[in-house]
**Q** 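Shown below is the structure under consideration.
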Amino acid sequence: MAATIKDIAKLAGVSPATVSRVLANKTAFFSADTAAKVQTAATTLGYQKNTAAAELVTQQSHVIAAIVNSTKTNFANHIIEGIQDAAYRQGLNVIILYAGDADPEQQRRALTTVIERPVRGILLLSVDLSADNLTYLQAAQIPYCFLSISFEEDQLPFITSDDWQVGYQGTQALLAQGHRQIGLAAVDSVHAHTGKLRLAGYTQALTEAGITPDPAWIQPGDYSYVAGQAPQVTAVLAGSDMAAIGVLNQARDFGLTVPHDLSIMAIDGTELCELVQPQLSSVSQSFYDMGVAGVEQLTMAQQQPPKITPITVVTRESVRFIES
């Protein structure tokens, strides 16, 4: 019988996945010493690579991997729903892994788990990879696309909302209701490109209205529930639905009534906005469409440019008009 990859792995003392990477010449994933062991074992066993079979396996991989940021928000559920529906229509399966919250070690572990398996492509949901991990991903030569996150580098494939418009339109909606002291809560405008864009849109809307934002109005955060705090303002644009709920609950702790004493506009617009009282007005994003578009991009022959999905300002109960 012809030697197999498992035979080589046993003789060389490495895993079958390592043998596959060496034979595929994915040099970023093994040392020269490991490569020598594998090549020696392959020669000893008289292994001949079946190129046609290897290509068949790659072309027929029916698995897409979704790597998810573990920040405690809920929008990823809607992206995953879009991924699963689109994958099902194309006869593909989906595996889901979590990459921690801006943790390079957990990112690397998730990436390695995926790269060691035959997958059609990788979708990264709001995962801001470290520089080393991005290089590691690109070296794997597996199609990939980022979802619900943007980058300054347009050469990276991503699908997201126009985050400048998210900040701008959310602030404009509050200005239209007579508010002039408008806070921005739970938006990471220091480290994340997404947050920087939202802050820029927020600032531009206030500037056009002749308002200079007070630094105290801006409370950075990671979009989570605990990051939602209520500054001394008449309205707040919150970085996520869960952050908006955090503002809502803290307002009650302070004895404030929403929207009479404080208006709240959420960013995301998931079902959470309708599950609380009062229901939250929102800048709603097209998360489901992001998931669908991500699967479609992975199945295209060539990498596509960044894609922007629509946003909509939805009026509910948490914003009221105030006299100027």
Side-chain angles (χ1 to χ4, degrees), residues 63-88 92-104 106-107 109-111 113-114 119 121-130 133 137 144-151 156-163 166 186-188 191-195 197-198 221-228 238-246 266-276 280 282-298 306-312 314:
V63 177
I64 285 177
I67 300 179
V68 184
N69 187 315
S70 298
T71 298
K72 293 178 175 59
T73 59
N74 71 314
F75 68 85
N77 298 339
H78 299 273
I79 298 178
I80 291 171
E81 183 181 356
I83 291 171
Q84 290 178 324
D85 286 353
Y88 178 79
L92 302 173
N93 297 315
V94 180
I95 59 173
I96 300 171
L97 302 92
Y98 289 88
D101 183 8
D103 185 327
Q106 291 190 46
Q107 290 176 0
R109 185 177 302 174
L111 287 171
T113 299
V114 171
V119 295
I122 304 171
L123 296 173
L124 301 103
L125 283 62
S126 197
V127 177
D128 191 0
L129 291 178
S130 67
N133 284 334
L137 170 63
Y144 68 92
C145 183
F146 291 90
L147 303 180
S148 191
I149 187 171
S150 61
F151 302 94
L156 291 178
F158 63 83
I159 300 170
T160 191
S161 303
D162 184 330
D163 286 295
V166 167
V187 170
D188 183 1
H191 305 100
H193 185 58
T194 295
L197 290 174
R198 292 180 180 181
D222 63 357
Y223 311 101
S224 67
Y225 171 89
V226 294
S240 71
D241 295 343
M242 294 187 73
I245 293 173
I267 294 174
D268 283 348
T270 69
E271 70 281 356
L272 289 183
C273 291
E274 298 181 1
L275 293 179
V276 296
L280 293 167
S282 65
V283 182
S284 296
Q285 302 190 67
S286 303
F287 293 120
Y288 180 89
D289 294 342
M290 289 182 199
V292 171
V295 173
E296 292 174 347
Q297 176 146 315
L298 291 185
K307 179 178 179 180
I308 302 300
T309 53
I311 59 172
T312 307
V314 179

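The figures here come from the full heavy-atom set of this structure, side chains too, leaving out hydrogens, waters and symmetry mates.
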**Q** Out of curiosity, Ile308 CD1 to Met290 CE, how far, rounded to the nearest 0.5 Å?
**A** 8.5 Å
**Q** Under the side chain to side chain contact (heavy atoms under 4.5 Å, CB included) test, which residues partner Pro104, sequence neighbours left out?
**A** Ser130, Asn133
**Q** Check each of Asp289, Ile159, Thr160 against Lys307 using the side chain to side chain contact (heavy atoms under 4.5 Å, CB included) test, and report the only one that passes.
**A** Ile159
**Q** Among Leu124, Asn69, Leu129, Leu137, whose side chain to side chain contact (heavy atoms under 4.5 Å, CB included) with Gln107 holds?
**A** Leu129
**Q** How long is the straight-line distance from CD1 of Ile83 back to CG of Leu147, given to the nearest 0.5 Å?
**A** 5.5 Å
**Q** If the condition is side-chain hydrogen bond (donor to acceptor under 3.5 Å, both in side chains), which residues does Ser161 pass it with, not counting sequence neighbours?
**A** Gln285
**Q** Partners of Gln106 by side-chain hydrogen bond (donor to acceptor under 3.5 Å, both in side chains), sequence neighbours excluded?
**A** Asp103
**Q** In the structure I gave you, are the side-chain heavy atoms of Val295 and Tyr88 within less than 4.5 Å of one another anywhere?
**A** no
**Q** Could you report the tightest heavy-atom contact between Ser150 and Asp163, atom names first, then the distance?
**A** OG-OD2, 4.0 Å
**Q** Could you tell me the separation between the CZ atom of Phe146 and the OG atom of Ser126, rounded to the nearest 0.5 Å?
**A** 10.5 Å
**Q** List the atom of Leu97, the atom of Ala110, and the distance in Å for their closest heavy-atom pair.
**A** CD2-O, 3.9 Å
**Q** Taking the side chain as everything from C-beta on, heavy atoms only, tell me whether Ile311 gets closer than 4.5 Å to Asp162.
**A** no
**Q** Write down the atom of Ser286, the atom of Pro310, and the distance for their closest heavy-atom approach.
**A** OG-O, 2.8 Å
**Q** Over all heavy atoms of both residues, which pair between Ile67 and Val127 is shortest? Give the atoms and the distance, please.
**A** O-CG2, 3.5 Å
**Q** Can you sort out the partners of Thr312 under side chain to side chain contact (heavy atoms under 4.5 Å, CB included), two or more places apart, ordered by chain and number?
**A** Val314
**Q** List in chain and number order the residues that pass side chain to side chain contact (heavy atoms under 4.5 Å, CB included) with Thr270, two or more places apart in sequence or in another chain; answer none if no residue qualifies.
**A** Asn74, Phe75, His78, Asp241, Asp268, Leu272, Phe287
**Q** What closest approach, in Å, do Gly82 and Val292 show between heavy atoms, and which atom pair accounts for it?
**A** O-CG2, 3.6 Å
**Q** OG of Ser284 to CD1 of Ile267: how many Å apart, nearest 0.5 Å?
**A** 10.5 Å
**Q** Holding to side-chain hydrogen bond (donor to acceptor under 3.5 Å, both in side chains), I want the full list of residues that pass it with Asn77, two or more places apart in sequence or in another chain.
**A** none
**Q** So, using salt bridge (Lys or Arg N to Asp or Glu O under 4.0 Å) as the criterion, who are the partners of Glu81 when residues are at least two apart?
**A** none
**Q** Considering residues at least two apart in sequence or located in another chain, which fulfil the side chain to side chain contact (heavy atoms under 4.5 Å, CB included) criterion with Tyr98?
**A** Val68, Ser70, Ile96
**Q** Nearest heavy-atom pair of Ser148 and Ile79: which atoms, and what distance?
**A** CB-CD1, 3.8 Å
